[in-house]
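First up is the structure itself, then whatever we jot down about it.
In what follows, chains are A, B, ... by sequence order, proteins preceding strands, each numbered from 1.
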Protein chains: 2
Amino acid sequence: MLENFSEITIESPADKISRQIRELILSGQLKPGDRLPPERKLAEKFGVGRTYVREALQKLEFYGILKTQPQSGTVVAGMGITALEGLISDILQLENSDFASLVETRVLLETQAATLAAKRRTPEDLINIQKALDAYQEKVLREEQGVEEDLMFHLKIAEASKNSVLKSLMLIITPDIVNSFIKLDICKAGRFHRALEEHQIILDHIANQEPEKAGAAMRVHLKDVLDYSYTLKNGRLNGTD
Amino acid sequence: MLENFSEITIESPADKISRQIRELILSGQLKPGDRLPPERKLAEKFGVGRTYVREALQKLEFYGILKTQPQSGTVVAGMGITALEGLISDILQLENSDFASLVETRVLLETQAATLAAKRRTPEDLINIQKALDAYQEKVLREEQGVEEDLMFHLKIAEASKNSVLKSLMLIITPDIVNSFIKLDICKAGRFHRALEEHQIILDHIANQEPEKAGAAMRVHLKDVLDYSYTLKNGRLNGTD
DNA sequence: GACTAGCAATTGGTCGACCAATTTTTCAAT
DNA sequence: ATTGAAAAATTGGTCGACCAATTGCTAGTC
């Protein structure tokens, strides 16, 4: 009986507004450079207070779609990109992502980061990575979890890759990874000790400027997790909450 | 003389507040699960109206750092992840990213997307990609630019990869790519015709389920851009503004 | 007739007030 | 003393009002 109910739309007022504006842009009624109606008019049109309109505009501006100029108006900034469809509505809704995609992508990013880091790392980078590794080791030796320190190690590698976008993207998906880890309770005891050794191997390859080996070592390091995620996907899907 | 001036901080009030809150979290004074002071108290403490505080909280919630519960309070949601440092302050500030990083990462994502798409594409995916390709072709034959259609083609491939995270990340960096393209005026005439052929090749490989070839074809397709970005980087840096 | 100075209207920015839901306190009945 | 409900205080949600800056119009001058 319960199955007859469909999921309620938890869409906030601001979301509804931003969606309408987005549709206007997508449909071509609003072209880049066009000025939007003033907030007051929009608020009246939508039948809500200006607060919601402003919230929606802020969100859109956040995405780079709009550009609001004080005491002047709000204009459509972005390119008339059709790809906007689906982008804005729930960008960053990586929470909806299945764990397998998350891990798969992480492996991709991390491998590339390690490879590039081996090519481009400076002596300072090595020091930073070593520091992160030391902090991790300290935690592990105390039989603590050290998830943060683990991530910091990977982050320092991303920095050493000298690819800012790569680092940013890793930062974006990392929280979701961690959340999934916690939910799925992947972090078995003992895992950390081996991870420590693997970290050391990766660092060595980066230090020796061996891009392929560094990438391969990273891939090995993450292989367990990747395999596990595939297992989850192919087996019965864990509800994750 | 002008050099003596330092760049002004254009930091909005909301940014200042969110930064302070973030520092509290990073310093450990606010741990996950803790409730933040009420908005009114914060507003009073910061000496601003509640509006700014709410704006800051919304932004933080956006990043998944905070979780605001109506009529109850706002709590720290995220894991106590140390990696937060630098993350929140300007996540997504990919605008600051250099073009080379942008392109380099795009190549990585796109190649992987093509490879996975060749493995996992359904007949429907092929139809969608073909549609996008047709739309692109139409534009090109009219001697128009068709940047949007180009991107749509790539986006459909990402969808066919069945990796939602991959697609999301591509969506995130795509606008920046387009902006850079426009700024740098990379889209030379004639480029589009060859791109069309290359698109067809990629699609064929995906249709034939040849992952390696599809990935390679994508890499070739993006090689020009990648090379150009390296040229820019090694030569004098174009200010792009 | 063209141009400019000045005024009026409109804009986004900011704020405090009100609302409903929740939480805490209070106090009376057991 | 404990427990229960009811009331009071506090919470985030929402809104309209005020502010200063910009814009556009208008009238006055050359």
Side-chain angles (χ1 to χ4, degrees), chain A residues 8-22 24-25 29-78 88-90 95, chain B residues 8-22 24-25 29-78 88 90:
Chain A
I8 61 161
T9 346
I10 202 173
E11 198 176 30
S12 84
D15 284 333
K16 291 183 183 177
I17 297 176
S18 76
R19 187 165 46 80
Q20 287 205 35
I21 295 178
R22 172 167 45 98
L24 279 185
I25 298 178
Q29 297 184 48
L30 277 177
K31 284 178 286 292
D34 285 358
R35 262 216 301 284
L36 259 69
E39 297 179 356
R40 285 172 178 78
K41 300 282 173 56
L42 288 175
E44 187 184 356
K45 195 76 180 176
F46 290 127
V48 298
R50 250 182 77 206
T51 309
Y52 284 135
V53 175
R54 305 202 85 244
E55 193 179 334
L57 295 183
Q58 280 172 20
K59 204 172 252 182
L60 259 359
E61 183 176 11
F62 218 57
Y63 294 135
I65 311 303
L66 300 179
K67 180 79 181 180
T68 156
Q69 297 157 333
Q71 273 70 43
S72 169
T74 305
V75 301
V76 180
I88 320 161
S89 71
D90 39 19
E95 307 93 73
Chain B
I8 61 161
T9 346
I10 202 172
E11 198 176 30
S12 85
D15 284 333
K16 291 183 184 178
I17 296 176
S18 75
R19 186 164 46 82
Q20 287 206 35
I21 295 177
R22 174 168 42 99
L24 279 185
I25 298 178
Q29 295 184 49
L30 278 176
K31 284 176 287 291
D34 285 358
R35 264 215 300 285
L36 258 68
E39 297 179 355
R40 285 172 180 79
K41 300 283 174 56
L42 288 175
E44 187 184 357
K45 195 76 180 176
F46 290 128
V48 298
R50 250 182 78 207
T51 308
Y52 285 135
V53 175
R54 304 201 85 244
E55 192 179 335
L57 295 183
Q58 280 171 19
K59 204 171 253 184
L60 259 359
E61 182 176 12
F62 217 55
Y63 294 135
I65 311 304
L66 300 179
K67 181 80 182 180
T68 153
Q69 297 157 333
Q71 274 70 40
S72 170
T74 304
V75 301
V76 181
I88 320 160
D90 39 17

> Which whole-number value in Å describes the distance from Leu42(B) CG to dT11(D) C1'?
Replying inline: 12 Å

> Taking atom CZ of Phe46(A) and atom CD of Gln20(A), what is their separation to the nearest 0.5 Å?
Replying inline: 4.5 Å

Under 3.5 Å, N/O pairs linking protein and nucleotides 16-22 of chain C:
from, atom 1, to, atom 2, distance (Å)
dC18(C), N4, Arg40(B), NH2, 3.3

> Can you tell me how far C1' of dG12(D) sits from CZ of Arg35(B), to the nearest Å?
Replying inline: 12 Å

> Between dG12(D) atom P and Glu55(B) atom CD, what is the distance in whole Å?
Replying inline: 17 Å

> Atom CD of Glu39(B) to atom P of dC15(C): distance rounded to whole Å?
Replying inline: 14 Å

> NZ of Lys41(A) versus P of dT10(C): gap in Å, rounded?
Replying inline: 7 Å

> Which heavy-atom pair separates Leu42(B) from Pro37(B) by the least distance, and what is that distance?
Replying inline: CD1-O, 3.6 Å

>> Enumerate the side-chain hydrogen bond (donor to acceptor under 3.5 Å, both in side chains) contacts for residues 37-51 of chain A, please, sequence neighbours excluded, ordered by first and then second residue.
In response: Glu39(A)-Arg50(A), Glu39(A)-Arg54(A)

> Roughly how far, to the nearest 0.5 Å, is CD1 of Ile21(B) from CG of Leu30(B)?
Replying inline: 8.0 Å

> What closest approach, in Å, do Ala56(A) and Ser18(A) show between heavy atoms, and which atom pair accounts for it?
Replying inline: CB-N, 3.8 Å

>> I need the minimum non-hydrogen distance between Val48(A) and Ile17(A), along with the two atoms involved.
In response: CG2-CD1, 3.9 Å

> Between atom CG in Leu57(A) and atom C1' in dG12(C), what is the gap in whole Å?
Replying inline: 10 Å

> Within this structure, what is the CG-to-P distance between Leu66(B) and dG12(D), rounded to whole angstrom?
Replying inline: 11 Å

> Starting at CD of Glu61(A) and ending at P of dG12(C), how long is that distance when rounded to a whole Å?
Replying inline: 12 Å

